[in-house]
J.: 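Below you will find the structure I want to go over with you.
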Amino acid sequence: MSASKKAVVTGFVSLSIIAILALPASSGSFSLGGNGKHKACQPDPEGAAFKDPVALAINPLGQIFVTDNEVEKIKKIDPAQGIVTTFAGGFTGSGTCNGVVSTQCADGQGTQAKFAYPTDLLMDNNGNIYVADGTRIRKIDPQANVTTFAGIGASGDSGGDLLTEASFKAVSGLAFNPNQSEIYVSDLLNHRIRKIKIAENEVISLAGSGLPGYSNGSLGPLIQFNNPQDIAYDPVRERLYIADSYNHRIRILEEDIISGPFEPVLLVTVSTFAGTGVNGTQDGPVATAQFSYPTYLYLDPQSQYLYIASSGNKIRRIDLDTNIVSTYAGSGEFSYFDGDLLSASFKFPEGLTINNQGEIFVADNGNNAVRKIADNVVSTVAGTTLDNDQDGPISIGKQVCALVNGQELSTCHTDAECPLSNEIATPTASAGGSVTPSCPQCVPGPIYAFAPGIDVFDFSTGTFLTNVGRLYSYNSDNVFNWGVDISPVMLNSTDKWLMTKIKSSNGDHSIVLLNSDLTALKTVTSTGVMWQGIFDVEFANVTSIAATKKIDPLYGFSQNIIIGMPSVTTPQGLGKIQLRNGSTFSLMNEFFGAPGEALGYQVLGTQDINGDQIEDIVATAIVVTSPKVKAISGNDGSTIWEQMYSGSLFSDFGVSLAKIKDINGDNKDDIVVGAPKADPGGLTNAGSVFVYSGKTGALLYTIDGTSSNLQLGISLSDVPSLDGDNIADLIIGAAYTNNQGKVFVYSGQNGSLLWEKTGAANQDKFGSAVLGIKDINGDNKGEVIVGAPGNFFSKGRIYVYSGTDGALLWEKSGENLSDFYGQLLVGDTL
């Protein structure tokens with residue numbers, strides 16, 4: 001199951017830490033694959049569907065042809081008409097191929113033809129389609145007449161006349177030379193590259209010993225491949241690219257005519273172009289890059305990029321001008337998700353093609369769908385993700401959820417429609433029995449409460465789902481002082497780990513990953529001297545943690561850990577940000593601040609800002625002489641943009657930091673920074689909050705406190721639109737207003753006040769933490785959670801309010817004095 005969208009309620013921890021990860025109860029049985037983001041709704045199961053899409057070709061009209069391998073058909077997607085039809089194949093009886101009666105093959109018109117598990121497709125300039133069809137190559141003209149083009153039908157390894165002598169063992173890939181007078185063929189199980197000389201009506205072998213292996217050179221029969229899957233010809237560089245699947249490499253075959261003793265001789269040279277031979281997904285220069293069973297290739301019409309599909313569940317590409325390999329699309333997770341390039345997920349992407357507009361189409365085999373990559377977004381063109389052979393209307397426009405007693409449940413949502421940080425993707429089951437939904441829904445996640453254990457609630461009612469082990473001590477060898485920061489981390493589609501930063505009584509500072517069974521999976525401890533911060537904030541080496549998804553494409557499916565370390569031994573140090581791999585916890589990289597910057601007091605992972613397809617980092621530096629917020633490249637730590645605070649000294653600019661879903665329409669989340677001790681208009685400690693463009697760092701607007709000692713901005717969160725403009729809104733805490741506290745809700749679009757709440761009693765510190773969540777009271781507006789941890793003589797409390805009008809929906813108190821219940825409310829904002 002998948003549930004990375006979650007919220008965490010924490011208080012100070014004196015003796016123990018416990019982590020319980022749970023989902024809202026459901027009576028249905030279900031399974032969700034995933035990458036921790038909202039799953040796109042699956043289409044109406046009554047629409048057109050595929051069973052085993054493998055390869056694609058596209059004509060100038062934009063019609064897409066698909067080999068549906070398992071059902072032995074060539075399907076046609078007509079986006080303009082919104083329909084999928086069987087173009088050729090599907091005949092079930094015995095037929096005749098090239099005059100020979102066969103139970104495996106039949107030439108004929110359209111659905112009267114029969115294929116034998118077709119794989120690759122190749123379209124010529126006249127609209128004829130060549131099909132890699134087992135031991136044969138078939139040809140389909142634009143009127144859907146199917147004939148046998150090459151291969152006698154028997155499994156073999158011979159050249160000669162196309163239809164009377166030539167034999168193949170498994171034709172897997174086809175490619176034209178520039179003038180389309182020759183067709184290159186990858187013969188998978190013969191481990192050879194063959195060539196059809198169309199004018200001579202002849203098949204010849206170019207390279208390959210016939211046995212699996214790996215060797216380069218210019219002696220064709222001695223060269224070895226291991227299951228060469230697909231091929232693509234480069235007319236600019238005059239070479240053939242080969243997906244040498246089991247060698248995890250991209251090979252090159254080049255031809256040259258040299259003088260011979262009697263007549264010119266064809267010299268064939270094979271070399272390795274990209275890949276080390278190690279099964280992996282590492283990007284970088286071709287000499288060090290890694291591939292995982294590369295299968296299908298496609299060269300763009302300009303011969304600039306070679307696209308590669310592989311079992312790493314990614315679309316990779318090689319820039320042929322720079323010879324650099326990068327991940328073009330796909331998170332690497334084995335799941336189904338439409339979205340931006342590196343958030344989208346595939347299941348065994350295979351065949352690729354490109355239309356006249358430069359849009360890329362992918363046969364997403366494991367999801368039984370055809371996907372499209374355009375404008376840096378992956379979407380579904382056709383296919384229900386259900387394993388089915390069904391022609392008919394393209395159904396992706398009608399998205400439905402589970403049916404209970406024949407009634408459609410609440411509307412499905414895409415990631416863009418369900419943007420909030422604390423949502424999880426989960427289906428709804430009927431009370432009377434199990435229901436297998438056609439898609440998960442985006443609903444609020446559970447709350448995790450730290451006081452000193454972790455309580456799990458049902459968001460809607462505030463009732464416990466579980467509070468098992470509230471006093472569980474995961475490590476009796478240490479006594480922990482208090483928790484500074486906590487962040488949920490999901491490392492793959494099934495495991496949810498909780499990451500928490502703790503500070504021990506002896507000055508050691510640890511980051512611990514806890515599994516859902518409460519075991520400590522990984523721990524990193526650093527010893528440092530604690531010091532009293534100049535902003536009355538006690539912190540040492542580590543002050544903040546966050547998680548990201550794709551800091552380095554090498555780590556594909558794993559979230560990585562961002563650690564803010566603003567001071568190593570002195571309050572005026574450089575500060576640094578560490579990146580640790582979410583799977584191994586190993587140090588990936590670390591970026592240092594400028595002298596005196598103390599970088600990293602608050603950190604968060606954000607979207608790719610600088611266009612290098614790697615997610616970036618936003619961090620604050622709160623040294624009094626130059627407090628700032630800056631966006632940092634997740635690739636090399638370089639500054640993308642930065643904003644210096646120029647207001648009053650000791651403003652605490654940067655002690656709070658949050659993202660708000662894109663409010664200025666540039667498709668990037670924006671950044672909110674709090675300065676709770678700022679003095680706007682001469683009002684001492686009134687506080688200010690600054691909203692910046694996440695893309696450029698430009699200041700969008702400022703919200704100033706309106707009374708002295710308000711300390712506006714001690715906590716920040718976005719929330720789904722409350723004012724009906726479909727733009728996320730903003731929650732701001734002011735916990736130290738007369739030690740009672742206040743919370744304000746503002747329009748995300750322009751910063752105008754929507755409503756406010758005041759704490760119930762003195763010393764409540766109401767607003768120490770705030771968090772926006774998805775609608776739970778049925779009014780289609782977000783809701784607001786507020787933490788009021790109180791002091792050593794109180795238990796602390798959390799409140800859940802209607803985002804529409806601030807009406808109290810439910811509340812919960814801590815169990816013991818000094819619990820500081822509600823000190824932190826943390827949502828996964830990836």
Side-chain angles (χ1 to χ4, degrees), residues 535 601-602 604 606 609 618-631 639-666 668-719 721-723 725 727-737 741-757 767-772 784 829:
F535 307 112
Y601 186 78
Q602 292 289 342
L604 57 80
T606 188
I609 300 173
V618 174
T620 63
I622 65 168
V623 170
V624 66
T625 55
S626 58
K628 66 181 68 173
V629 58
K630 61 194 302 184
T639 298
I640 301 171
W641 58 258
E642 71 176 25
Q643 286 286 354
M644 187 86 67
Y645 176 71
S646 58
S648 58
L649 298 180
F650 305 102
S651 67
D652 278 15
F653 179 91
V655 300
S656 59
L657 175 68
K659 287 185 294 188
I660 183 170
K661 193 70 177 176
D662 178 32
I663 59 175
N664 63 348
D666 62 4
K668 300 294 181 185
D669 290 344
D670 297 309
I671 304 302
V672 188
V673 183
K677 292 186 179 179
D679 303 327
L683 298 173
T684 304
N685 292 341
S688 296
V689 172
F690 303 86
V691 181
Y692 299 99
S693 164
K695 184 175 182 179
T696 67
L699 180 65
L700 300 180
Y701 58 82
T702 301
I703 301 173
D704 291 324
T706 56
S707 61
S708 293
N709 299 314
L710 185 66
Q711 295 195 36
L712 183 76
I714 196 69
S715 59
L716 306 166
S717 178
D718 65 353
V719 61
S721 178
L722 306 179
D723 54 9
D725 62 3
I727 296 175
D729 293 318
L730 185 59
I731 312 168
I732 303 178
Y736 295 98
T737 306
K742 299 187 76 170
V743 167
F744 301 85
V745 179
Y746 297 93
S747 164
Q749 184 178 40
N750 56 31
S752 59
L753 181 65
L754 300 180
W755 56 265
E756 63 184 81
K757 281 284 177 182
S768 291
V770 294
L771 185 66
V784 175
T829 57

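Starting from 1, each residue takes its place in the sequence as its number.
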J.: Quick check: does any side chain N or O of Ser693 sit under 3.5 Å from a backbone N or O of Thr696, one acting as donor and the other as acceptor?
T.: yes
J.: So which atom in Leu771 and which in Ser717 form the shortest heavy-atom distance, rounded to 0.1 Å?
T.: CA-OG, 3.4 Å
J.: Phe650 and Lys677: which non-hydrogen atoms are nearest, and at how many Å?
T.: O-CB, 3.3 Å
J.: Are Ser721 and Asp729 close enough, and set up right, to give a side-chain contact (heavy atoms from CB on, under 4.5 Å), and what steps lead you there?
T.: CA-CA 5 Å; Ser721 178; Asp729 293 318; 4.1 Å; yes
J.: Once salt bridge (charged side-chain N to carboxylate O under 4.0 Å, His left out) is applied, do any residues pair with Lys757, and if so which ones, sequence neighbours excluded?
T.: none
J.: Rounded to the nearest 0.5 Å, how far apart are CD1 of Ile732 and CG of Leu712?
T.: 5.0 Å
J.: Using 0.5 Å steps for rounding, measure from the CZ atom of Phe744 to the CG atom of Leu753.
T.: 7.0 Å
J.: Do Ser688 and Asp704 meet the criterion of a side-chain donor-acceptor pair at a distance under 3.5 Å?
T.: yes
J.: What is the distance from atom CG of Leu730 to atom CD1 of Ile703, rounded to the nearest 0.5 Å?
T.: 5.0 Å
J.: Taking the side chain from Gln711 and the backbone from Ala734, do they hold a donor-acceptor pair closer than 3.5 Å?
T.: no
J.: Is any side-chain heavy atom of Val673 closer than 4.5 Å to a side-chain heavy atom of Tyr692?
T.: yes
J.: Decide yes or no for Val784 and Val770: does some side-chain heavy atom of the first lie under 4.5 Å from some side-chain heavy atom of the second?
T.: no
J.: If every non-hydrogen atom of Asp652 is compared with every non-hydrogen atom of Pro676, which pair is closest and at what distance?
T.: O-CD, 3.6 Å
J.: So, taking the atom named CD1 in Ile663 and the one named CG in Asp670, what distance separates them when rounded to the nearest 0.5 Å?
T.: 4.5 Å
J.: Using the rule given for side-chain contact (heavy atoms from CB on, under 4.5 Å), can you reason through Tyr746 versus Val691, listing the C-alpha separation, both sets of side-chain angles and the distance that settles it, and then say yes or no?
T.: CA-CA 12 Å; Tyr746 297 93; Val691 181; over 6 Å; no
J.: I'd like to know if the side chain of Thr620 reaches the main chain of Gln602, judged simply by a donor and an acceptor atom lying under 3.5 Å from each other, with no hydrogens or angles considered.
T.: yes
J.: Is there side-chain contact between Lys668 and Asp662, with heavy atoms separated by less than 4.5 Å?
T.: no
J.: For the ring pair Tyr701 and Phe690, is the centre-to-centre distance below 6.0 Å?
T.: no
J.: Of the non-hydrogen atoms in Gln643 and Phe653, which two are nearest, and what is the gap between them?
T.: O-CE2, 4.4 Å
J.: Specify the closest pair of heavy atoms between Asp718 and Lys661, including all atoms of both residues, with the distance to one decimal.
T.: OD2-N, 3.3 Å
J.: Applying side-chain contact (heavy atoms from CB on, under 4.5 Å), run through Ile671 and Lys659 and close with a yes or a no.
T.: CA-CA 5 Å; Ile671 304 302; Lys659 287 185 294 188; 4.0 Å; yes
J.: Give a yes or no answer on whether the side chain of Trp641 reaches the backbone of Gly694 with a donor-acceptor pair at less than 3.5 Å.
T.: yes
J.: Atom CG of Asp669 and atom CG of Asn664: how far apart are they, to the nearest 0.5 Å?
T.: 10.0 Å
J.: Between Val672 and Leu657, is any pair of side-chain heavy atoms under 4.5 Å apart?
T.: no
J.: Give the minimum heavy-atom separation between Asp679 and Asn685, together with the two atoms involved.
T.: OD1-N, 2.6 Å
J.: Go through Ser656 and Ser715 one step at a time and tell me if the side-chain contact (heavy atoms from CB on, under 4.5 Å) criterion holds.
T.: CA-CA 6 Å; Ser656 59; Ser715 59; 5.9 Å; no
J.: Residues two or more places apart in sequence or in another chain: which of them pass side-chain contact (heavy atoms from CB on, under 4.5 Å) with Lys630?
T.: Glu597, Leu599, Lys628, Ile632, Thr639, Glu642
J.: Hey, could you give me the NZ/CG distance between Lys695 and Asp666, rounded to the nearest 0.5 Å?
T.: 5.5 Å
